[in-house]
Amino acid sequence: MDRIEGALAVCEDSEGTMINIDLKKLPPDVKSGDVMAFRDGRFTKDIAATSERRAEISALQKKLLGKSTD
C-alpha cells in the first residue's frame with residue numbers, strides 16, 4: 001500500500017497500476033508500506049513480502065546516503 005487518503009488505501013497492483021481500495025476491506029492494522037495479497041476473496045498482509053520490501057528500501061536509503069559498506 002502506498003498511502004491512506006481518508007477512507008481509501010491507495011495501492012499499486014502487480015502491474016504497476018494505482019488503485020483505490022476501501023479501508024474497510026483491508027485488515028484493521030494495515031499501514032503505508034504494507035504489501036497486501038488477495039486470497040480467497042479477501043485482502044491479507046503479506047508479512048514476508050513487506051519485510052523484504054522494507055529491507056530493500058532501507059538498504060537503498062543507506063546507499064543513497066553514503067552509509068553502505070558495499
Problem set entry | CA sep, side-chain torsions, deciding dist, call: V10, M18, side-chain contact (heavy atoms from CB on, under 4.5 Å) | CA-CA 7 Å; V10 180; M18 299 305 284; 3.7 Å; yes
Exercise. Between R54 and E52, is there a salt bridge with N-O shorter than 4.0 Å?
Worked result: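 Here E52 does not pair with R54 in a salt bridge, since their nearest N and O are not under 4.0 Å apart.
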Looking at [atom1] of [X] and [atom2] of [Y], how far apart are the two atoms once the value is rounded to the nearest 0.5 Å?
X: D34; Y: F43; atom1: CG; atom2: CZ; result: 13.0 Å
X: I21; Y: I4; atom1: CD1; atom2: CD1; result: 11.5 Å
X: S51; Y: E56; atom1: OG; atom2: CD; result: 10.0 Å

Less than 4.5 Å apart, any side-chain heavy atom of [X] and any of [Y]?
X: L23; Y: L8; result: no
X: L26; Y: M36; result: yes
X: M1; Y: V30; result: yes
X: E12; Y: D2; result: no
X: R42; Y: T44; result: yes

Problem set entry | More than 12 heavy atoms of other groups within 6.0 Å of I47 CD1 |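 Open: at most 12 neighbouring heavy atoms sit under 6.0 Å from CD1 of I47.
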Exercise. Is a side-chain donor or acceptor of D13 paired with a backbone partner of G16 at a separation under 3.5 angstrom?
Worked result: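 Such a contact is found between D13 side chain and G16 backbone.
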Exercise. Are the side chain of T50 and the backbone of D46 linked by a donor-acceptor contact shorter than 3.5 Å?
Worked result: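 Between the backbone of D46 and the side chain of T50 there is a qualifying donor-acceptor contact (under 3.5 Å).
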